[in-house]
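Hydrogens, waters and symmetry mates play no part in the numbers below; they use all other heavy atoms, side chains included. For this chain, numbers begin at 1 and follow the sequence in order.
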Amino acid sequence: MGWLTRFLGAITFLAFGVIFSPETFGSKSDGSHSSKLTAALKLAHLLCFASAWGAALWVTFIGGIIMFKNLPRHTFGNLQSKMFPAYFSMVGVCCAVSTASFGYLHPWKSSSTAEKYQLGFLLSAFAFNLTNLLVFTPMTIEIMKQRHKVEREQNIGEEIGRSKNQEVAKVNPKLAAMNKKFGMIHGLSSLANIMSFGSLAMHSWYLAGKMDL
């Protein structure tokens with residue numbers, strides 16, 4: 001199933017919801033443009049936040065770990081080099097939309113202290129993802145490719161699980177230097193990702209407090 005088919009399926013599902021449950025989606029409001037705009041912005045904020053939160057949770061704590069434990073190391077690295085730019089782009093866009101929607105619905109001058117903090121958390125999540133997308137990820141991928149080349153010369157990199165890299169690096173200064181540089185930049189990238197996840201987690205706590213079940 002192509003992406004267009006999936007997108008049309010989602011739109012169709014939403015359309016059926018609006019038709020058969022208009023009260024849920026605000027279709028039977030007083031007709032004012034402001035109320036419809038508010039509903040649309042709330043929907044955009046919630047959907048984009050949920051998408052960013054879910055993607056971050058899956059990639060950080062589930063998908064990446066499963067792939068690392070079951071794929072040859074070079075295959076895993078090459079897959080991550082394709083996946084992470086898309087991941088940070090998607091989460092970044094979702095954070096941008098969520099931040100803009102929340103900011104519009106809660107103007108700074110009239111916002112409470114809690115709402116100002118939440119806008120700060122959303123902005124932080126966006127900034128951390130943008131930094132990863134534009135700075136850390138390109139640097140990490142470039143160093144990874146260079147390290148893969150050196151490792152292939154040493155006939156390592158296709159193992160699953162425990163890496164032979166550290167053993168070879170003890171007698172290969174070039175590989176040892178690459179490991180140090182890769183570890184530093186990859187560590188900064190991971191830290192930025194965790195900080196973004198933490199910011200989204202704080203906003204999820206705020207939203208939970210607003211629910212009236």
Side-chain angles (χ1 to χ4, degrees), residues 1-10 47-98 124-170 172-201 204:
M1 182 182 291
W3 70 268
L4 182 58
T5 304
R6 297 174 186 174
F7 178 74
L8 290 175
L47 289 181
C48 287
F49 166 76
S51 297
W53 167 257
L57 178 66
W58 174 262
V59 171
T60 305
F61 298 105
I62 303 174
I65 295 174
I66 292 174
M67 288 187 288
F68 178 77
K69 290 184 176 181
N70 292 277
L71 290 176
R73 194 159 56 81
H74 281 186
T75 301
F76 168 75
N78 291 328
L79 178 59
Q80 295 289 76
S81 71
K82 303 297 183 183
M83 186 182 73
F84 270 105
Y87 162 64
F88 289 126
S89 295
M90 189 205 82
V91 175
V93 169
C94 287
C95 287
V97 173
S98 190
S124 296
F126 171 71
F128 284 124
N129 273 281
L130 195 64
T131 301
N132 248 329
L133 176 64
L134 299 179
V135 181
F136 295 138
T137 296
M139 293 174 65
T140 302
I141 292 173
E142 180 61 28
I143 297 173
M144 181 201 72
K145 290 180 177 179
Q146 295 175 9
R147 192 170 71 156
H148 281 187
K149 183 178 179 181
V150 174
E151 288 178 335
R152 282 194 293 270
E153 294 173 354
Q154 301 295 322
N155 296 316
I156 61 174
E158 295 305 317
E159 64 275 7
I160 298 176
R162 181 177 174 80
S163 173
K164 299 178 182 178
N165 175 286
Q166 295 300 321
E167 297 176 7
V168 176
K170 293 178 181 179
N172 189 320
K174 184 178 180 180
L175 182 58
M178 284 186 173
N179 286 346
K180 183 177 180 180
K181 188 174 182 180
F182 177 84
M184 179 183 68
I185 297 176
H186 185 265
L188 290 173
S189 177
S190 297
L191 178 61
N193 185 53
I194 290 296
M195 293 298 289
S196 173
F197 180 83
S199 297
L200 293 173
S204 71

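A salt bridge between R152 and E158 is absent, with no side-chain N of the basic residue lying under 4.0 Å from a carboxylate O of the acidic one.
Looking at E151 and L175, their side chains come closer than 4.5 Å, going by heavy atoms from C-beta outward. Counting only heavy atoms from C-beta outward, the side chains of M195 and S124 never approach each other to under 4.5 Å. Side-chain contact check for T75 versus L79: every heavy-atom pair is 4.5 Å or farther apart. Using a 4.5 Å heavy-atom threshold, the side chains of Q154 and N165 count as separate. With contacts defined as side-chain heavy-atom distances shorter than 4.5 Å, the pair M83/Q80 qualifies. F49 is listed as a side-chain neighbour of S204, based on a closest heavy-atom distance under 4.5 Å. I160 places none of its side-chain heavy atoms less than 4.5 Å from the side chain of N70. L134 is not listed as a side-chain neighbour of F88, based on a closest heavy-atom distance of 4.5 Å or more.
Between A56 and T60, the closest heavy-atom pair is O-OG1, 2.7 Å. In terms of heavy-atom proximity, L133 sits nearest to S89 at CD1-OG, 3.4 Å. Here the shortest heavy-atom pairing between M90 and S51 reads CE-O, 3.8 Å. Summarising the geometry of A96 relative to F126, their closest heavy-atom pair is CB-CE1, 3.7 Å, with the distance given to 0.1 Å. Listed here is the closest heavy atom pair of P85 and S81: CD-O, 3.2 Å. In this structure, E159 and G157 approach most closely via the heavy-atom pair OE1-N, 2.8 Å.
In this structure, F128 has its ring center no closer than 6.0 Å to that of F197.
L191 contributes atom CG, which lies 7.0 Å from atom CG of L188 (distance to the nearest 0.5 angstrom). Taken from CZ in F182 to CZ in R147, the straight-line distance is 4.5 Å, to the nearest 0.5 Å. The CE atom of M184 sits 9.5 Å away from the OG1 atom of T140 when rounded to the nearest 0.5 Å. The distance from atom CG of N132 to atom CZ of F84, rounded to the nearest 0.5 Å, is 8.5 Å. Atoms CH2 and OG, on W53 and S199 in that order, are 11.0 Å from each other to the nearest 0.5 Å. Taken from CD1 in I143 to CD1 in I185, the straight-line distance is 3.0 Å, to the nearest 0.5 Å.
Not one N or O on the side chain of S196 forms a donor-acceptor pair closer than 3.5 Å with the backbone of A192. The main-chain N or O of H186 is never found under 3.5 Å from a side-chain atom of S189 such that the two would form a donor-acceptor pair. Side-chain N or O atoms of S98 include none that pairs as donor or acceptor with a backbone N or O of C94 at under 3.5 Å.
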Q. Can C95 and L200 be said to form a side-chain contact (heavy atoms from CB on, under 4.5 Å), step by step?
A. CA-CA 9 Å; C95 287; L200 293 173; 4.2 Å; yes

